[in-house]
Number of protein chains: 2
Amino acid sequence: MESRDARTERHTRDGIVDTALALLQRAGLPDLSMRRLAAELGVQPSALYWHFDNKQSLLADIADRIVASAAPVAPSAEPAADVAAAASALRDALLAYRDGAEIVLSTQALGLGSDVAHDRLAGVLAPLAGDDAQSAATVLLQFVLGHASLVQQRIQAARFGAYPAAEAEVVEQTASDFARGVRMLVGGYARG
Amino acid sequence: MESRDARTERHTRDGIVDTALALLQRAGLPDLSMRRLAAELGVQPSALYWHFDNKQSLLADIADRIVASAAPVAPSAEPAADVAAAASALRDALLAYRDGAEIVLSTQALGLGSDVAHDRLAGVLAPLAGDDAQSAATVLLQFVLGHASLVQQRIQAARFGAYPAAEAEVVEQTASDFARGVRMLVGGYARG
DNA sequence: ACCTGAACACCGTTCAAGT
DNA sequence: ACCTGAACACCGTTCAAGT
């Protein structure tokens, strides 16, 4: 009766994050409330506070999932191309989840969540930047998050007709700006 | 009795924004509620909705004030230095107001607020980037906003002891990352 | 270990009505 | 032109108590 296996585990942290991600995709960040998430799980709002200290902790877990969903980049013979690919993969992951960029940006800023985004960029930057790879990764990450946040909110605005462009258009148009920014940032290191 | 001069004007948009900015500095964005702002003005919350369509419009006005507070940069003989100075001035303005970066970022992203930030950067970039000045300004602005948002939230975290560094330290340490990022971005154009 | 029930102290926004 | 009063439909979080 008092065994240590999780017999009667009704909800787990990971399971709650699953549901939260689904709700995020359906309703967006403004409607991702603790109360609505609880209702979705068939549970009282207060039940969530057994699993998470507060809403920010839940968002940190969500941010980690989004970042982890970025496709990994296998090292090739062209380091600059690897950096561009890693940055694009991160951008794609952020844009794939509704309000993903904003969630990751604020989590990162608060010092919560993991460092995998930063570490992955530092990894592909190492061949180019050497000892400067850490701070180069910081700079690149800031650009990616700033860019993706702007693009994503512009997409949201487009949904409500507040901004005159369809979603696909926005993503496409801004892709060239993004590529240019990454090229500029990488160019400095590529020249040594 | 029905003259067109503003005899009995109790509150104006600009006056409300003044009070909102003061409240922002004292209490921060999370505590900048329409209800609290109304109380500060000695007025019912609903009164604010005669002056502003909604909270986002108020924030857009606040964002414009913050951006406008950036020191202007007089054109010199060294365009690259002008760009660096303009970017720094914008960063300083964003960091001077509590949660300034976040407010400007989200306003910009929603397509609200003015374009003076973008236009100023495009202006100093013109000698270097020529026809590409517009998109170069977009890229640079995204980096500045991403950088400042990260730095600022990290400062907020420091206030609550959640992040192990004093405010001045954070601003100083990150200044070199910022300068590096700007140099990288500008370097691409400086070479033609 | 995991959740309920009830409460506390708040939000943004609308709208008829007042002056 | 500018504001009040009252309401609607919500929030995040805490905490004793239940199983």
Side-chain angles (χ1 to χ4, degrees), chain A residues 1-20 23-24 26-63 99 102-103 106-107 110 112 156 160 162, chain B residues 1-20 23-24 26-63 99 102-103 106-107 110 112 156 160 162:
Chain A
M1 290 294 189
E2 290 157 47
S3 59
R4 290 168 65 209
D5 51 313
R7 291 182 302 97
T8 52
E9 200 171 57
R10 286 174 263 184
H11 285 114
T12 106
R13 253 181 106 96
D14 278 354
I16 292 170
V17 175
D18 286 339
T19 305
L23 179 55
L24 177 67
R26 260 204 338 278
L29 183 57
D31 285 333
L32 178 55
S33 67
M34 297 298 266
R35 302 181 97 103
R36 183 146 172 204
L37 176 57
E40 206 88 5
L41 292 162
V43 112
Q44 294 293 320
S46 50
L48 295 174
Y49 290 85
W50 192 90
H51 297 279
F52 298 92
D53 279 352
N54 46 44
K55 188 177 182 179
Q56 194 54 247
S57 311
L58 170 65
L59 290 172
D61 276 23
I62 292 176
D99 299 312
E102 188 182 339
I103 293 172
S106 71
T107 297
L110 289 169
L112 303 176
Q156 283 302 108
F160 288 84
Chain B
M1 290 293 190
E2 289 157 46
S3 59
R4 291 167 67 209
D5 51 314
R7 292 182 302 98
T8 53
E9 201 171 57
R10 285 175 265 185
H11 285 114
T12 102
R13 252 180 105 98
D14 278 355
I16 291 169
V17 174
D18 286 339
T19 305
L23 179 55
L24 177 67
R26 260 202 340 277
L29 183 57
D31 285 334
L32 177 55
S33 67
M34 296 298 266
R35 301 181 97 104
R36 183 145 172 207
L37 175 57
E40 205 88 5
L41 292 161
V43 112
Q44 293 294 320
S46 48
L48 295 174
Y49 290 85
W50 192 90
H51 297 279
F52 299 92
D53 279 352
N54 45 46
K55 188 177 183 179
Q56 194 54 248
S57 312
L58 169 66
L59 289 173
D61 276 23
I62 292 176
D99 298 313
E102 187 181 340
I103 294 172
S106 71
T107 297
L110 290 169
L112 303 175
Q156 282 302 108
F160 289 85

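In the text below, chain A, chain B and the rest are named by the order of the sequence lines, each starting its count at 1.
Taking 4.5 Å as the limit, every side-chain heavy atom of A/Arg10 sits out of range of all side-chain heavy atoms of A/Val43. When side chains are defined from C-beta on, A/Thr12 does not count as touching A/His51, because their heavy atoms never get closer than 4.5 Å. Between B/Ile62 and B/Leu32 there is a side-chain heavy-atom pair separated by less than 4.5 Å.
Following rounding to the nearest Å, A/Leu29 (CG) and D/dG12 (P) show an atom-to-atom distance of 10 Å. The separation between A/Leu41 atom CG and C/dC3 atom C1' is 12 Å, rounded to whole Å. Note: CG (A/Leu32) to P (D/dC10) measures 16 Å, nearest angstrom. Atom-to-atom, CH2 of B/Trp50 to C1' of C/dG18 comes out at 16 Å; the value is rounded to the nearest Å. What separates CG of B/Asp53 from C1' of C/dT14 is a distance of 13 Å, to the nearest Å. A/Asn54 places its CG atom 14 Å from the P atom of D/dC15, with the value rounded to the nearest Å. Remark: P of D/dG12 and CG of A/Asp31 are 11 Å apart, rounded to the nearest angstrom. Going from atom CD1 of B/Ile16 over to atom C1' of D/dA1 covers 13 Å, rounded to whole Å.
If you take atom P in D/dC8 and the same atom in C/dA9, they sit 22 Å apart, rounded to whole Å.
Between the side chain of B/Ser33 and the base of C/dG12, no donor-acceptor pair of N or O atoms lies under 3.5 Å.
Residue B/His11 has its side chain nearest to D/dC3 when only D/dT13, D/dC3, C/dT13 are considered. Each of D/dC11, D/dC3, C/dC11 was ranked by its minimum atom distance to the side chain of B/Arg10; first place goes to D/dC3. In this structure, of C/dC11, D/dG12, D/dC15, it is D/dG12 that holds the atom nearest to the side chain of A/Lys55.
With a cut-off of 3.5 Å on both pairing distances, the Watson-Crick and G-U wobble pairs of DNA chain D assemble into stems of 3 or more at C:4-8 with D:12-16, C:12-16 with D:4-8.
Checking the phosphate oxygens (OP1, OP2) of C/dG5, a side-chain nitrogen or oxygen of A/Gln44 falls inside 4.0 Å. In this model, the phosphate group of C/dC3 is approached by a side-chain N or O of A/His51 to a distance below 4.0 Å at OP1 or OP2.
Ranked by how close their nearest DNA chain D nucleotide is to the 5' end, B/Ser46 and A/Tyr49 are led by B/Ser46. Annotation: of the two residues near DNA chain C, B/Pro45 and A/Arg35, the 5′-most nearest-nucleotide partner is A/Arg35.
The backbone N or O of B/Ser57 lies less than 3.5 Å from a partner atom in the side chain of B/Asn54, making a donor-acceptor pair. A donor-acceptor pair under 3.5 Å is absent between the side-chain atoms of A/Arg35 and the main chain of A/Pro45, judged by distance alone.
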Legend entry - A/Leu59 vs A/Leu29, side-chain contact (heavy atoms from CB on, under 4.5 Å): CA-CA, chis, key distance, verdict: CA-CA 10 Å; A/Leu59 290 172; A/Leu29 183 57; 4.1 Å; yes
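The distance from the CG atom of A/Leu48 to the NE2 atom of A/His11 is 9.0 Å, given to the nearest 0.5 Å.
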